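Down below is the structure, laid out as structure tokens.
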Amino acid sequence: MSWRQVLLLSCLSAVVLLSSVKPKIFMQESDASNFLKRRSKRSPKSRDEVNVENRQKLQADELRREYYEEQRNEFENFVEEQKDEQEERSREAVEQWRLWHYDGLYPSYLYNHHCI
């Protein structure tokens, strides 16, 4: 077989395959449009169904709100603990500096420390 015959045969088989696939695609589109038409003809939801859906949405919103509030509280507690630790480290560093630099001429810082 020459290369022209191979090319012609492959093109012909591709055309046959594409022509057999194309009607199925149109069938799927028409089925989808029929489905949408049937769906639009349905009766509207009853009042009870609407109420149930609204309650479910409200419950989900409340759970979401509680979750985010809990996350915010945990973060605030974490930040407060970090701040307290930093203040404690700073206070200790200042106290160590004062003790190290005490020259003995005045009463030490610890004796002048007023208890609150």
Side-chain angles (χ1 to χ4, degrees):
M1 261 190 190
S2 70
W3 63 273
R4 287 182 183 175
Q5 290 174 340
V6 171
L7 181 64
L8 183 63
L9 186 59
S10 63
C11 288
L12 186 60
S13 62
V15 168
V16 169
L17 284 174
L18 289 176
S19 65
S20 66
V21 172
K22 195 172 187 180
K24 290 181 183 178
I25 293 172
F26 288 128
M27 290 284 286
Q28 289 173 351
E29 289 175 2
S30 65
D31 290 343
S33 64
N34 286 339
F35 173 75
L36 292 174
K37 287 177 186 175
R38 279 186 272 132
R39 186 164 186 223
S40 64
K41 291 180 183 178
R42 278 193 209 162
S43 62
K45 294 179 183 175
S46 69
R47 183 59 123 173
D48 293 334
E49 289 175 332
V50 171
N51 288 340
V52 167
E53 284 184 6
N54 288 340
R55 272 186 298 221
Q56 288 175 344
K57 289 178 185 177
L58 289 174
Q59 184 180 14
D61 289 344
E62 182 66 26
L63 289 174
R64 191 177 306 111
R65 191 177 303 114
E66 288 175 2
Y67 170 78
Y68 285 120
E69 184 178 355
E70 182 179 334
Q71 294 294 316
R72 185 176 57 249
N73 289 339
E74 287 179 9
F75 180 72
E76 287 174 356
N77 291 340
F78 171 76
V79 168
E80 186 69 27
E81 287 175 10
Q82 293 288 70
K83 186 177 129 190
D84 290 345
E85 289 176 8
Q86 181 62 35
E87 287 176 358
E88 180 68 20
R89 285 193 295 271
S90 175
R91 188 191 61 75
E92 288 175 358
V94 168
E95 188 174 316
Q96 287 177 357
W97 185 89
R98 284 182 176 168
L99 288 174
W100 178 260
H101 291 285
Y102 174 61
D103 59 2
L105 298 176
Y106 301 100
S108 72
Y109 166 74
L110 292 176
Y111 293 119
N112 291 330
H113 184 69
H114 299 287
C115 295
I116 298 175

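From a predicted model like this one, the values you see are computed outputs, not experimental measurements.
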Electrostatic pair Glu92:Arg89 at N-O distance under 4.0 angstrom: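 Answer for the salt bridge query: no.
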
Going by an N to O cut-off under 4.0 Å, is there a salt bridge joining Arg98 and Glu95? no

Neighbour count >12 (heavy atoms, 6.0 Å) for atom CD, Gln59: no

Taking atom CG of Asn51 and atom CD of Gln56, what is their separation to the nearest 0.5 Å?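 Going from the CG atom of Asn51 to the CD atom of Gln56 covers 11.5 Å.
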
Can you give each donor-acceptor pair under 3.5 Å made by side-chain atoms of residues 71-82, sequence neighbours left out, with the distance rounded to 0.1 Å?
{"from": "Asn73", "atom 1": "ND2", "to": "Glu69", "atom 2": "O", "distance (Å)": "3.4"}
{"from": "Asn77", "atom 1": "ND2", "to": "Asn73", "atom 2": "O", "distance (Å)": "3.3"}

Pairwise salt bridge (charged side-chain N to carboxylate O under 4.0 Å, His left out) hits with a residue in residues 49-61, at least two apart: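 For residues 49-61, and leaving out neighbouring residues, the salt bridge (charged side-chain N to carboxylate O under 4.0 Å, His left out) pairs sorted by first residue read Lys45-Glu53, Asp61-Arg64.
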
Could you check whether any side-chain N or O of Ser10 sits under 3.5 Å from a backbone N or O of Val6, counting only pairs where one atom can act as donor and the other as acceptor?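 A pair under 3.5 Å: yes.
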
